[in-house]
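Protein chains get the first letters and strands the later ones, always in sequence-line order, with residue 1 at the start of each.
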Protein chains: 2
Amino acid sequence: MSTRRIPDATVGRLPVYLRVLLELASTGEATVSSEQLAELAGVNAAKVRKDLSHLGSYGTRGVGYDVEYLRFEISSRLGLAHESPVVIVGLGNLGRALANHAGFRERGFIVAALYDSDVEKVGTEVYGHVIRDIADLGPATQLDIAIGVIATPPVVAQNVADRLVAAGVRAILNFAPTVISVPEEVALRNVDLSLELQILSFYQQREEPGSAEVALGVEHDRR
Amino acid sequence: MSTRRIPDATVGRLPVYLRVLLELASTGEATVSSEQLAELAGVNAAKVRKDLSHLGSYGTRGVGYDVEYLRFEISSRLGLAHESPVVIVGLGNLGRALANHAGFRERGFIVAALYDSDVEKVGTEVYGHVIRDIADLGPATQLDIAIGVIATPPVVAQNVADRLVAAGVRAILNFAPTVISVPEEVALRNVDLSLELQILSFYQQREEPGSAEVALGVEHDRR
DNA sequence: TAGATTGTTAATCGATTAACAATC
DNA sequence: TAGATTGTTAATCGATTAACAATC
């Protein structure tokens with residue numbers, strides 16, 4: 001198989017492979033085998049080959065994968081050929097940390113705008129960006145290509161999501177611990193920090209080994 | 001079936017059900033049907049019943065589930081009967097936001113200690129906690145019941161993980177964008193903020209509707 | 001009893017993995 | 001040619017979901 005629909009599980013691992021490839025490129029490695037890539041990404045070698053086969057045939061039998069070529073291919077597939085603007089709504093502790101997160105820029109994302117509803121915060125600057133009033137976020141705002149990040153209290157999260165969608169946003173990362181609903185064509189992912197701790201709490205108090213890793217598709221130590 | 005091994009996918013949804021049950025309890029609801037719970041948790045009703053059946057038979061046919069009873073059951077199963085200490089290593093933007101995250105305390109987690117390697121930071125206070133030297137984190141530190149949070153740069157993450165494990169930590173939440181390995185008996189979960197944006201970038205640039213939600217087990221809008 | 005809703009079964013779907021033919 | 005490694009097949013496993021008998 002080659003360029004058909006890429007499974008969700010595979011999409012979730014492509015950024016991990018990309019990270020590993022960037023490291024390999026920086027140390028001057030020209031090629032990498034599925035076995036090496038698997039070791040570095042913390043997954044099974046068969047899984048790596050299966051995942052990459054969904055993108056096409058970019059390896060060479062007997063040799064491996066060209067690091068630079070594969071890096072470019074995965075980048076394009078993920079839509080990282082050009083930098084993407086990120087709009088952050090809610091500038092509490094987490095929102096401010098995200099606004100200044102170095103990793104975003106390193107991975108091709110640029111903080112383009114900040115919004116909050118607190119009149120005390122609106123107009124002030126955070127890391128060089130003036131905080132705008134959430135009331136100004138709506139159909140008139142052109143944000144078609146941006147990714148929206150919700151870092152508000154849960155009670156207003158749905159309202160914020162609606163505003164982002166009205167502004168044309170088609171991808172939302174929600175940190176508010178609540179279920180929000182968006183139209184089918186909008187991509188949504190949720191990150192709930194307390195939920196992560198609660199899941200860990202479950203595996204920690206069990207006697208058996210913590211298969212929390214399995215849930216994330218991460219392999220156990222093979223050293 | 002009743003009290004056998006709980007599937008990983010189910011464990012990942014229990015905190016969501018718990019959150020919904022807490023809301024229902026606060027509005028005075030005494031019982032809830034799988035249909036209602038499903039709607040509020042953003043999942044399928046059959047999935048709710050299947051998930052809850054792994055805990056035991058806590059519902060009443062024709063009636064539904066007792067909100068308070070179910071809340072208590074899920075809490076105990078997740079090991080949330082008592083508060084758990086959290087140790088945060090790395091106090092950059094993200095680490096500090098986590099140290100002051102109100103949601104942690106609300107969900108039964110207490111920040112117990114902070115560690116960093118920066119001599120400028122060691123000894124200073126962050127939200128009432130003195131930052132300790134990471135060099136002092138090791139076998140002598142008794143952290144058996146704590147959950148370790150890694151919010152350091154990726155290069156030192158493995159070293160930090162090893163120190164946490166040596167100190168007795170059996171559950172780790174890793175925010176550093178790198179693969180770390182831990183002994184089989186230690187539960188590990190990874191949260192990579194840039195990775196989330198990269199996944200969203202993939203679904204955003206596709207023409208078809210964003211099934212990023214599917215990947216998280218979250219349902220589409222049914223309004 | 002009639003209506004409602006659980007708990008479980010079974011079908012289906014997607015993800016993982018070992019194995020190996022293809023081929024560099 | 002011999003050795004290495006991909007790409008694919010097929011078996012297996014786990015998760016999802018509809019359907020419905022059990023039962024309040």
Distance col, row B/Leu188:CG vs B/Ile150:CD1, nearest 0.5 angstrom, shows 7.5 Å

Base-pair string, DNA chain C, Watson-Crick plus G-U, cut-off 3.5 Å on both distances, | for inter-strand, is ..||||||||||||||||||||||

With sequence neighbours left out, the residues meeting side chain to side chain contact (heavy atoms under 4.5 Å, CB included) with A/Glu83 are A/Ile110

inquiry  = Just N and O in the side chain of B/Tyr65: are any of them under 4.0 Å from OP1 or OP2 of C/dG7?
reply    = yes

Side-chain donor-acceptor contact under 3.5 Å, B/Asp66 with B/Tyr58: no

CZ (B/Arg13) and CG (A/Leu195) are apart, to the nearest 0.5 Å, by 11.5 Å

With the side chain defined as heavy atoms from C-beta on, A/Ser34 is closest, among C/dT6, D/dT6, D/dT17, to D/dT6

(Q) More than 12 heavy atoms of other residues, nucleotides or ligands under 6.0 Å from CD of A/Glu35: yes or no? (A) no

Of the listed C/dG7, D/dA15, D/dT6, the closest approach to the B/Ser57 side chain comes from C/dG7

ask   = Does B/Arg5 make a side-chain N or O approach to OP1 or OP2 of D/dG14 shorter than 4.0 Å?
value = no

For A/Arg163 and A/Asn159, does a side-chain donor sit closer than 3.5 Å to a side-chain acceptor?
-> yes

Per-nt protein contacts along nucleotides 18-24 of chain D (heavy atom under 4.0 Å; B base, S backbone sugar-phosphate only, - none) come out as BB-BBBB

